[in-house]
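What follows is a single structure, written as structure tokens, with notes after it.
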Protein chains: 2
Amino acid sequence: MEIELKNRNKRRSRQQRRTNKTRQKLLHAAREIFAEKGLAPTRIDEITDRADVGKGTFYYHFATKDDLIKELMQLIMAELEAGIEKKCLGINKLDQLLDMIIEGHLEFFSNRWEDFVLYFQGRADLTLEDSYEGMETPFLEYLETIQNLLDSVIKYHLPKPILHRIACAVAGFVSGYYSFAFIADSREDLEKTFASMREALVAGLGRFIRESIPDDAPGKTSTIKTEGAK
Amino acid sequence: MEIELKNRNKRRSRQQRRTNKTRQKLLHAAREIFAEKGLAPTRIDEITDRADVGKGTFYYHFATKDDLIKELMQLIMAELEAGIEKKCLGINKLDQLLDMIIEGHLEFFSNRWEDFVLYFQGRADLTLEDSYEGMETPFLEYLETIQNLLDSVIKYHLPKPILHRIACAVAGFVSGYYSFAFIADSREDLEKTFASMREALVAGLGRFIRESIPDDAPGKTSTIKTEGAK
DNA sequence: GTCATATTTGACTATATCGTCATATATGAC
DNA sequence: GTCATATATGACGATATAGTCAAATATGAC
């Protein structure tokens, strides 16, 4: 029985590698094309062509284009969250945390242009009534990740709606600014240009957060661990 | 000759009204459907159906869907700009101006959901390589409008790139925050929820702008007309 | 080698959408 | 009324795309 299982696993192992490789090829090609033409105008044929597999293969791996989009978005958002969380490891001062959350976004956006485009396309899609199935979930999880990070450095636990608001502000600002700035600036300048804005944002958000804490909170001044906050 | 011209004008006048009405019906229907399903997935048939005109009529008025999109975006953005400029009339204090630019956006976004969606769709489209023809122009003009407003209240004229950066920040933040907040909040709550964030943004941006002015600028303190800035 | 199963293929069908065009109607000059 | 012109129509042909499927191939157990 033990052996049977082993064999079974082994049997599948090489084949699984091949299968997985094909799947990755499809995801990779799709990511590229989605970022070039957008979600809706991308044709299955084009994806399979670029992935260099037959069309039937696509439908072996994914039930439909929406399915692929769902998986891709979940993948991307999970990686963005992971990147941000990694940057924030061990930080317990509010201003520093805000700064790192922003930096996490920036690093992701500037190193992975395609993924930034998809992130942005996804968000725009959410403003539609007929948005892609399952598009909402990864974005909500992403906002929650930011909320949890914030919550972890603020001793006085702010109510959920306030945390949510702040998370929206961070995410909205970073991506919004990034998307606008790149219209005129070159993609390469974006990072530099952003640096100068960052401080202002951290200051503004920090201020907002501090103001959200009731004055009678026990030990308010020490409640938020911050650096040089006045 | 004088009379001939008059007649000619008169002859055209009633017909022109009818024509224009048809055109408006098409634009209006398109605006609605674009906001429901997005630009690419919207079919011409659906537009003409909702506008209650024959399909051929569409092609009499517009060469192609891209053409319609172009016109619609220009229309919307021009109205947004006008709304903002109106709000800012006569203001000469920086913080107040920033506040009014934000309020102009908010008013537009919350009173005209479809147009907000189109604004956002348009912006997302610009991140693509294959974006709609002519999509860029209205956005650049819009950013320039904001830049000019800012420039008009800052006596020490900041270099263009800095102004551009600030314009991107304002536009990016407002639309970005708005788009994220609505994922979780109801559309109605958005306005309220935004109010609390606004101050923080104005403060952050104001600070950034003031820091951008060289210390040796003649009469720096009085250079930016501001209220209660410290 | 044989067999069972998992994966891949691309020609094919069915459908959806575009854009055209010959025709019809409305308008206004006369 | 008649005519010329501007506008509107929707059936139609051409094309594009999604998704299917029977057949081919690869894998691994034996």
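Labels below follow one simple rule: chain letters A, B, ... track the order of the sequence lines, proteins then strands, and each chain is numbered from 1.
Considering only side-chain N and O atoms, Arg18(B) lies nowhere under 4.0 angstrom from the phosphate OP1 or OP2 of dA26(C). Dashed line: the shortest gap from a side-chain N or O of Thr22(B) to OP1 or OP2 of dT7(D) is not under 4.0 Å.
Computed from coordinates, the Gln15(A) CD to dT25(D) P distance equals 16 Å when rounded to whole Å. Separating the NZ atom of Lys25(A) from the C1' atom of dT8(C) is a distance of 11 Å, rounded to the nearest angstrom. The interatomic distance linking Lys21(B) (NZ) with dA26(C) (P) rounds to 14 Å, in whole Å. The separation between Arg17(B) atom CZ and dA26(C) atom P is 17 Å, rounded to whole Å.
The backbone N or O of Gln147(A) lies less than 3.5 Å from no partner atom in the side chain of Asp151(A), so there is not a single donor-acceptor pair. Without hydrogens or angle criteria, Gln121(B) side chain to Ala124(A) main chain gives a donor-acceptor distance under 3.5 Å. The closest donor-acceptor contact from the side chain of Asp125(A) to the backbone of Tyr132(A) lies under 3.5 Å.
Under the side chain to side chain contact (heavy atoms under 4.5 Å, CB included) criterion, Ala51(B) pairs with Lys25(B), Leu26(B), Ala29(B), Val53(B), not counting sequence neighbours.
Checking Glu136(B) against Ser131(B) by side-chain atom types alone, no donor-acceptor pair falls below 3.5 Å.
In a base pair of the Watson-Crick type (N1 to N3 plus N6-O4 or O6-N4) or a G-U wobble (N1-O2 and O6-N3), with each distance short of 3.5 Å, dA24(D) is matched with dT7(C).
Phe194(B) and Tyr177(B) have perpendicular rings, their planes meeting at more than 60° on a 0 to 90° scale where under 30° would count as parallel.
Near-neighbour residues of DNA chain D inside residues 48-72 of chain A, defined by a heavy atom below 4.0 Å, number-ordered: Lys55(A), Tyr59(A). Of the residues in residues 26-44 of chain B, not one comes within less than 4.0 Å of DNA chain D through any heavy atom.
Between Phe62(B) and Phe58(B), the distance from one ring center to the other falls under 6.0 angstrom.
The one candidate from Ile146(B), Leu149(B), Ile209(B), Ile91(B) that meets the side chain to side chain contact (heavy atoms under 4.5 Å, CB included) condition with Leu98(B) is Ile209(B).
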